[in-house]
There are 2 protein chains.
Amino acid sequence: MSKNKDVLGEEQSGPLMADVARLAGVAISTVSRALANPGRVNEKTRQKIDAAAKQLGYTPNAMARGLRVGKSNIIMIVLPGSLYYGASQVIPQVLQSINKSLIQGGYNLMIANLDRDEASERHILDLAFGGTVRGAIILSSKLPEVDGRSLASAGLPIVSMLLDMSEVGLPSVVTNDREAIREATNDLLGLGHRRFLYLAGPQENYHDVERFAGVIEALRGAGLPESAVVRSGGRLDYQQGFNIGLEAADDFGALGDKPTAVIATSDDMAISFMSRIQSMGLKIPEDLSIVSFDGSPVCAFCSPPLSTIEQPMEEMGQTAVALLLSAIDRSDKPRQLRNVIRSRLIVRASMATPKA
Amino acid sequence: MSKNKDVLGEEQSGPLMADVARLAGVAISTVSRALANPGRVNEKTRQKIDAAAKQLGYTPNAMARGLRVGKSNIIMIVLPGSLYYGASQVIPQVLQSINKSLIQGGYNLMIANLDRDEASERHILDLAFGGTVRGAIILSSKLPEVDGRSLASAGLPIVSMLLDMSEVGLPSVVTNDREAIREATNDLLGLGHRRFLYLAGPQENYHDVERFAGVIEALRGAGLPESAVVRSGGRLDYQQGFNIGLEAADDFGALGDKPTAVIATSDDMAISFMSRIQSMGLKIPEDLSIVSFDGSPVCAFCSPPLSTIEQPMEEMGQTAVALLLSAIDRSDKPRQLRNVIRSRLIVRASMATPKA
DNA sequence: TTGTACGCGTTATCAC
DNA sequence: GTGATAACGCGTACAA
C-alpha cells in the first residue's frame, strides 16, 4: 500500500509491490517473481502483473532489495585528489567509460575521493564496510586503512586501474608505459638525439618508475650511459602539471650541456614547458624535440602539434569493469592479475632531427 | 550476530549492532541511540558502546538504515553525454567540488549519464523512483521522462547547474554569461574592432542564446547593427568542440568581408580555430583577435596565450550543493530560484587592436 | 504455478 | 535512561 498522503508536506512514497499485487489480483511474492524471474511464472499472470506495474508506475525499491539480498548494485571508483589536476582529460574519459560498462551490467557508479586526510579514508571505509558498495575500482596506489579497518580486508572485489597492483594481489589494468616510452625514445635516438631531458611526474610512483625505466632501456640499447638523460620535475608538492613544465623549462635554461630532446610524463607538463621554452627564444622542434604522455586531444592543436602517447582509457575502463564484474559474479580469481592495454604513440611535428 | 562463517566461499558480513550490544551488555536499541543521538543516552554507557563498536570494527549498514528511515544519503548528478567532450575541464572540477561539499553534509555522489537514448532516461528514473537517491543536480536542459514517469514529479529535490531552469521552477546556479561576454565584446570594441565572428556551441541551448545575446547587446550599445557579427558553428551533430573550431576556420577562410575579432563559446573551439587559422598564414592577434569561454588552464600556454572567460566551477558546485541540501532539510523553497555566480574575463595576448 | 511466512539490519515508538 | 517490539519493502524457503 502506497503511503501517499494527500497532506502537503508529507514525504511521497511511490506504489509498492503490494499495490501491484492487489491490482493484479495476486500475492506479493508472485509479483516479486514475475519481475525478477519472469520464467518461473505463468505467462498470463506475468502479463497481468506487468500491466498493473506499468499502470501504477511501479519502481522497485533498491534499498529494500539490497538489504534483503545482502548486496548492493553500486560500484565505487576511488579517485586520488591529485588526478583531478591538469588537462589530461583522463578523469572524464575514465568515468564515462566505466559508467557505461557498469550500467550495462546493472550497476551504478559512485564517486569517492581519496585525499591525504584521514576523513576521506574513513569515508571510503564506511562505504565499503557499511554495505553501500559491492566493489571498487581504484586509481590510487594506497588503499585506505584506518583504525584496523582496511579496504583490502573489506571482503570487496577490487580492481586497480592505471597503477599496477598485481604484486599485492589486485587485478590491475595498466598500459604498457615502459614499452611505449622505450619505443618513443628509440624514435628520438633514430632521429639522432643523444642527450635527453626527462620530466618526471609529481611522485616517485609506479608510472614514474616504469616510464623512466623505459627511457633507460632505450638508452642502454643504443649503447648510451644513463647520464645521457637528465631528470627534472618530480616535486611532490606540485599537483598542477603545468607548473612542473614551467619549472623544468627554467631548469633547462640553467643546464650546461643542453639536451636536444624532451620526454615528458604528461601533456600538461609538455605544453607549459614548450610555451616557456619558446618564449625563451628556442624553436620546437628545431632546437628541441618533445614527446609526452596522455594523448590529450588538445595536443593536436599546439604549435607545433605535440607528439604524445595515447592511453586507451575507453578500453581500460571496459576491461576494469569486466574484471570487477567477473570477480563479483563468479568469485574465481582471474587468470592473470596484470592486464596490459597497449598505448600508442601519435607522432606529430614536435619531433625532428637535432640541429647540431 | 555477525554471520561470519569460517567456510571459505561464504559471503562475509561484518559485525552487527547486535554484536556491539552484546559486547557492551546493553540492548540493541540503546546502541542505535548511542550512535545516532549521543545526547539521549547515559555518558557511561555511551562510552562502553563506543568502545565495543570500535573493538569490533563496527560499521552501520547504510541500506538497512536507509530502508528504515525511508531516505537515502545519495545524491545523483545527471551529466549529458555531450558535456564529456572537449578540454573544458568542466566535469572534473564540478565533480570534485560537488563531491567535497556533499561529503561534508554526509552525502555521497552517484553519477548518472543522460544520453539521447531512452535506456539512460529509464535508468535515471529508476534511481529516482526506486529510492536510491535523495536528490539530484542536473547539468542537462532536459529532464528524463518515460512512460509517464518524470524526474520532475519524482518528489525529489532538484537543482540545475550551468543551465538556467528557474523558469520551470528549478533552483538554478548559473554564471552571468551574457554580461561577461558583453563586457568582453565591449573590450574588443574599445580596441577598435567593428566586425566579429561568433563561434556557436553545438546546440541552440540556453548558453548559446545568452552568449549571443551578450554580443548583440554590446554591438547595439556601440551603435552597430546585428550584421556586424557572423555566426558559425552550432552544428548539432558535432560534440567535439575541436571540430567546430576547425570548421569555423574554414568558414572564415571563405568569408568575404573578414571579421577582425572572434568570440568563441568554448576554449576547445578557440584553440583548434586558432591553430588552423595560423596554419592558413594569419597572425593572432595582429590579423585576428580571439576571446573564448571556459577558463581552461591550458589557455595560458597557447601561442599566443588565449583570453578566456573563467567560470568559477568550484563556487558553482558549492552553491548548488547548498541549495540542494537546504531543499532536503527544510523543504522550504529558496528565496530566489536563479543564483548567479559571476565569471571573470582573463585577458591575455590573443586580443589586440585590429591592423587595418 | 502460486501463496504464506519469515528475515535482511536498522530506527522509532512505546512502556518500563 | 533503557529495553522490548514493530515496522521499512522486498526476496525466498516452504507449503499448498
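At whole-Å resolution of the value, CD1 in A:I49 and P in C:dT1 are 13 Å apart. Taking atom NZ of A:K71 as the reference point, atom P of D:dC10 lies 19 Å away to the nearest angstrom. If you take CZ of B:F129 and P of D:dC10, they are 15 Å apart, rounded to a whole angstrom. Per the geometry, CZ belonging to A:R65 stands 19 Å off P belonging to D:dC8, to the nearest Å. For the pair B:R40 CZ and C:dC14 P, the interatomic distance rounds to 13 Å; values are reported in whole Å. If you measure from atom CG of B:N37 to atom P of C:dT13, you get 11 Å, rounded to the nearest angstrom. Separating the CZ atom of A:R22 from the C1' atom of C:dT2 is a distance of 18 Å, rounded to the nearest angstrom. A straight line from CE of B:M63 to P of D:dA7 spans 23 Å, rounded to a whole angstrom.
Using a distance-only test at 3.5 Å, with no hydrogens or angles considered, a donor-acceptor pair links the side chain of A:T45 to the main chain of A:N42. Side-chain atoms of B:N37 do not come within 3.5 Å of backbone N or O of B:G39 as any donor-acceptor pair.
A pairwise comparison of heavy atoms in B:L35 and B:Y58 identifies CD2-CE2, 3.6 Å as the closest pair. Here the closest non-hydrogen pair linking B:N113 and B:S120 is O-CB, 3.5 Å.
The side chain of B:I28 approaches C:dT11 more closely than any other nucleotide in the set D:dC10, D:dT2, C:dT11. Comparing D:dT2, C:dT2, C:dG3 by their closest approach to the side chain of B:T30 singles out D:dT2. Among C:dC8, D:dT2, C:dT10, the nucleotide with an atom closest to any side-chain atom of B:M17 is C:dT10. Taking every side-chain heavy atom of B:L16 into account, C:dG9 is the closest of D:dC10, C:dG9, C:dA5. Side chain of A:S29, nearest nucleotide from D:dG9, C:dG3, C:dT11: C:dG3. When distances run from any side-chain atom of B:Y58 to the nucleotides C:dT10, D:dA4, C:dT4, the shortest one goes to C:dT10. Proximity note for A:N42 (side chain, C-beta onward) versus D:dT2, C:dG3, C:dT2: the nearest is C:dT2.
For B:R46 against D:dG1, a side-chain-to-base donor-acceptor contact under 3.5 Å is absent.
Across all strands, A:R68 comes closer than 4.0 Å to base atoms (heavy-atom distances).
Taking for each of B:L67 and B:G39 the nucleotide of DNA chain D with the nearest heavy atom, the 5'-most of the two is the partner of B:G39. Nearest-nucleotide assignment on DNA chain C puts the 5′-proximal partner with B:A64, out of B:A64 and B:R33.
An OP1 or OP2 oxygen of C:dT2 is reached within less than 4.0 angstrom by a side-chain nitrogen or oxygen of A:T45.
Geometrically, B:R149 engages B:F129 in a cation-pi contact, judged by NZ or CZ lying under 6.0 Å from the ring centre and within 45° of the ring axis.
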